[in-house]
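Proteins get letters first, then strands, A, B, ... in listed order; numbering begins at 1 in each.
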Amino acid sequence: MVKPLNMKEKAPRRLKRQDLPKVTPALARYLIGKTLVHDWKGTRLAGRIVETEAYLVGDAAAHSFRGETPRNRSLFLERGHAYVYFIYGNHFMLNMSGGPHGTGEGVLLRAAEPLEGIDKMRMLRGTEPLRDLARGPGRLAEAFAIDRSLDGVDFCGGADLWLGSAVRSVGAIATSVRIGITKDAHRPLRFYERGNQFVSGTKAMRR
DNA sequence: AACATGATGATCT
DNA sequence: GATCATCATGTTC
């Protein structure tokens with residue numbers, strides 16, 4: 001993948017909670033093109049978010065559907081907090097909470113295009129291909145050194161894990177049904193940058 | 001029992 | 001290169 005010379009990348013600046021849309025599907029769409037940053041052990045791990053999914057109130061696929069539990073507690077924090085959970089015996093998933101405190105909505109970060117700290121990401125992932133470093137939610141979490149210790153962290157609170165502004169322009173954003181769920185599977189709550197090679201799944205899923 | 005997945009290897013193009 | 005089936009894995013309520 002060759003980067004055109006006229007695509008100048010700027011350094012990301014920290015986004016404030018004020019910048020985040022208050023309605024969760026709008027937040028999921030807003031996050032496409034923004035920069036996910038984890039300043040980790042002296043290295044900056046940064047990537048451009050290219051795929052997200054929203055999980056809402058009254059949504060049978062949402063972890064909050066049956067109310068607050070010890071696991072999903074941070075999903076109920078005010079918009080802009082990290083909700084990290086462990087799934088399938090192997091993978092962490094990174095979400096950003098949405099809505100006012102007590103709501104229980106969130107956005108799953110499903111894929112990112114690596115920008116900075118790529119060698120460290122390769123080390124964390126134990127694999128070489130750039131395209132596979134953060135293509136999929138489990139891979140993204142591994143590439144960005146996300147684990148339970150980051151559950152509940154405020155993305156807008158000056159922590160090492162934060163949300164940055166876009167470093168270059170964003171392409172067309174497309175919508176589809178969410179991936180890998182069985183309940184409320186028809187709702188169009190997945191957002192991705194159309195045609196981007198770092199979006200998860202098959203070719204059809206990035207068209 | 002179910003789960004917001006990914007690595008692997010087979011089989012196609 | 002793309003796509004598909006198979007299956008390993010720990011936590012949750």
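- Minimum atom distance to the side chain of F86(A) is reached by dT11(C), of the listed dT11(C), dT12(C), dC4(C).
- Stacking of R73(A) on the aromatic ring of F76(A) is not recorded, the 6.0 Å distance cut-off and the 45° axial limit not both being met.
- Within 6.0 Å of CZ on R131(A) lie more than 12 heavy atoms contributed by other residues, nucleotides or ligands.
- The interatomic distance linking R206(A) (CZ) with dG1(C) (C1') rounds to 11 Å, in whole Å.
- Regarding H63(A), its NE2 atom lies at a distance of 15 Å from the P atom of dT11(C), rounded to whole Å.
- Taking every side-chain heavy atom of H91(A) into account, dT5(B) is the closest of dT3(C), dA4(B), dT5(B).
- The CG atom of D151(A) sits 16 Å away from the P atom of dA4(B) (whole-angstrom rounding).
- Residue-level contact check: R71(A) touches the backbone only, with heavy atoms under 4.0 Å from sugar-phosphate atoms and none from bases.
- Looking at the side chain of T202(A), the nearest of the listed nucleotides dT11(C), dT3(C), dC3(B) is dT3(C).
- Rounded to a whole Å, the CD1 atom of I87(A) is 18 Å from the P atom of dA8(C).
- To the nearest angstrom, C1' of dC12(B) lies 15 Å from NZ of K203(A).
- If you find the closest nucleotide of DNA chain C to A204(A) and to Y88(A), the one lying nearer the 5' end belongs to A204(A).
- Under the Watson-Crick and G-U wobble criteria, each requiring two contacts below 3.5 Å, nucleotide dT12(C) is paired to dA1(B).
- R66(A) comes within contact range of no nucleotide atom at all, as no heavy-atom separation falls under 4.0 Å.
- Computed from coordinates, the L75(A) CG to dT12(C) P distance equals 15 Å when rounded to whole Å.
- Of all nucleotides listed (dA2(C), dC3(B), dA4(B)), dC3(B) comes nearest to the side chain of T182(A).
- Checking the phosphate oxygens (OP1, OP2) of dA4(B), no side-chain nitrogen or oxygen of R190(A) falls inside 4.0 Å.
- Between R131(A) atom CZ and dA7(B) atom P the separation is 13 Å, expressed in whole Å.
- Figure legend. dC12(B) is base-paired to dG1(C); pairs are counted as Watson-Crick or G-U wobble with both atom distances under 3.5 Å.
- Y30(A) and L161(A) fall within the same hydrophobic cluster, where Ile, Leu, Val, Met, Phe, Trp and Tyr residues are linked whenever their side-chain heavy atoms come under 4.5 Å apart, directly or through other members.
- Listed pair R125(A) / dA7(B) meets the phosphate criterion, a side-chain N or O lying under 4.0 Å from OP1 or OP2.
- Between L75(A) and S97(A), the shortest heavy-atom distance links the atoms O-CB, 3.8 Å.
- Ring geometry, F86(A) versus F92(A): the interplanar angle falls from 30° to 60°, so the pair is classed tilted.
- Rounded to whole Å, the distance from CE on M93(A) to C1' on dG10(C) is 13 Å.
- When each of dA4(B), dT3(C), dT11(C) is scored by its nearest atom to the side-chain atoms of I181(A), the top-ranked nucleotide is dA4(B).
- Closest approach to the P137(A) side chain among dA7(B), dG6(B), dT11(C) is made by dG6(B) (side chain taken as heavy atoms from C-beta onward).
- Taking the ring axis of Y192(A) as reference, the NZ or CZ atom of R206(A) does not stay both within 45° of it and closer than 6.0 Å to the ring centre.
- Comparing dA8(C), dA7(B), dC13(C) by their closest approach to the side chain of N90(A) singles out dA8(C).
- With distances taken from any side-chain atom of K183(A) to the nucleotides dT12(C), dG6(B), dC3(B), the minimum falls on dC3(B).
- Residue-to-nucleotide proximity on DNA chain B shows that, of D132(A) and Y85(A), the 5′-proximal contact is made by Y85(A).
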